[in-house]
Amino acid sequence: MQFLGMYHYWVFVMLLMIGFYAVVAKVNLVKKLIGLSIFQSAVFLLYITMSKVSGATAPIFQKGVTDALFSNPLPQVLILTAIVVGISTTALGLGIVVRIKEEYGTIEEQDIQEIDRR
Amino acid sequence: MINLESHLPVLQVVVPMLLAPLVVLLRPRGTAWAASTAISLMAFVIACYLVAGVLSGEEYRYALGAWPAPYGIALRVDAFSALLLMLVTGASSIALLAAKTSIDQGIESHRQPLFFSAWLLVLAGLAGILVAADAFNIFVFMEISSLASYVLVAGGTDRRALPAVFKYLIMGTIGATFYLIGVGLIYMMTGTLNLADMELRIHQVADQRPILVAAGFITVGLALKAAVFPLHVWLPNAYTYAPHAVSVFLAACATKVSIYVLLRFDFVVFQQNLSGHDLQFTAFLMPLAVLAILVGSAVAIFETNIKRLLAYSSVAQIGYILLGASLVSLSGLTASLLHMFNHALAKGALFLAVMGLATRLARLDLAHLAGAARQMPWTMSALVIAGLSLIGVPGTAGFISKWYLVTAALQEGALGIGLVAVIVAGSLMAVVYIWRIVEAAWFEQPLEENIELREAPPLMLGVIWLTALANVYFGLITDLPRTLATDAAQSLLGHLP
């Protein structure tokens, strides 16, 4: 069953689309940010699953073990960086939402547009 | 004694990045500005050294911490990166040098150190993108510069900047994440992140479909970041409501750095390895470029806020840059790279002049500009010179790149004539929107409130004129940008079969 064997790609695609949908369709700015986080997490999953070598262990050297099969550590390291980027983005986004709430008194997109038009 | 010259590529990033946190500590009034201007000028000097080195035929390669390339982080500076490094650091220095009064007006003094620190991080991030030789570092630096630039755009007093920057954050992050997906797919197939290694290994890949998908993700993601029409919707509001100094800096170079990544990726990694990719590249980008020129210019004609007008004009100018690149020919690419340089000069000078106006005027609507030129003739004349350069009048920098663009288009036969028509139409529309500013400022009856206006502050005025005259200088003596652009275009096309 090749279809099921590739299930992690399906999870990646579904998470990506759920996140993307929330970013596009939701009008509440916090919900948009949640969508953005899901969107980014999907990509983390893509990287992490690609590094898995079946039957392999975590890439840590052990004394006396020379024939161990390791998973690829590089994508995991990359994603560590990308997670930090994602957290900073979410934090900054939430900070902006707080400022918007202070200035406009609302975090609904169409209300903000309404206020700006006046 | 270390040989500093060999460390220049890394110093370009390290100097602003490490000094940025220190600027936060500079509490006394004005010191943060002075320090960050000095740091930015230092970065500009480093960039000039790199340009001089590149012009003498050197290509800088640098292994960070002396770890060799496949394991360590590699940096690389060639003609293309040197051209843009000079642009980015130059725009930052000029904007900072002129911005003292404007920033004092717009940002409380206790927040200024943080603002300048974020500015230096943008500079470090943009410089990092330009020196990085591998795809993932480009992503990291792209996010450093983007996150810091969201802070800059939201740093002013205008509350409308906040929804604008939120939109910018959402779209910028989606763009960067798309890019990351593309890089991940390529890494899966080739096992490398280094652009040069990717180029070598991609043709050994048997199944090309993931690479094609990756090309799609990377192109769309970077197009979002570069504000390619119709993905430009974040740009006008972000530029309009940002503090004026930030508009100068970002309008001059931020989107061009994304175009740099787009072109490098496409020409180095994809073009020769995917069958028919040059046709796809042209078929995808050329219509968007044409639409950007026509729609961007047309919208600019009807805008009443000067900064919004110039922002839409930027959308159109990005169109010219992409149009040159989408021809996939030596002359087209040269024109495209030249236009990056010349547009940065023209748009930088225009936004500088607008910053000068903003220090004196209450609002930046055309109606409020009425008669301002009578009280501020020097500021307005500089704006007119920069405007002429944007239009592409002979004798200014803008003319050179448009001339190259038209020449490149004419080599394409019947299609080229259509493209020339688009370029001419875009330039004529530029005449209209620049004329609207000139008409309001010079020929209308001065408003009551505009009678007491004074010229922009002396330092600012000096810098405005410096950039305006640079537009004329590079319109007459074109050796420097032309040599760099030609070298860069040759090396990009050198990757094609």
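Just so you know, these numbers use all the heavy atoms, side chains as well, and skip hydrogens, waters and symmetry mates. Numbered from 1 within each chain, the chains take letters A, B, ... in sequence-line order.
Using a 4.5 Å heavy-atom cut-off against chain A, the contacting residues of residues 120-138 of chain B are Phe136(B). Interface residues of residues 100-111 of chain A toward chain B, defined by a heavy-atom distance below 4.5 Å and sorted by number: Ile100(A), Glu103(A), Tyr104(A). For residues 159-189 of chain B, the interface with chain A (any heavy-atom pair closer than 4.5 Å) comprises Arg159(B), Arg160(B), Leu162(B), Pro163(B), Val165(B), Phe166(B), Leu169(B), Ile170(B), Thr173(B), Ile174(B), Thr177(B), Phe178(B), Leu180(B), Ile181(B), Val183(B), Gly184(B), Tyr187(B), Met188(B), sorted by residue number.
Both the backbone and the side chain of Leu29(A) have a heavy atom closer than 4.5 Å to some heavy atom of chain B. The contact between Ile112(A) and chain B is made entirely by side chain atoms (from C-beta outward), counting heavy-atom distances below 4.5 Å.
At most 12 non-hydrogen atoms from other residues, nucleotides or ligands lie less than 6.0 angstrom from CZ of Phe302(B). More than 12 heavy atoms of other residues, nucleotides or ligands lie within 6.0 Å of CZ in Arg111(B), so this atom counts as buried by the packing criterion.
Applying the side-chain hydrogen bond (donor to acceptor under 3.5 Å, both in side chains) test to Thr89(A) and every residue at least two apart in sequence or in another chain returns nothing.
When each of Val97(A), Leu16(A), Val84(A), Leu78(A) is checked for heavy-atom pairs under 4.5 Å with chain B, Leu78(A) comes out on top.
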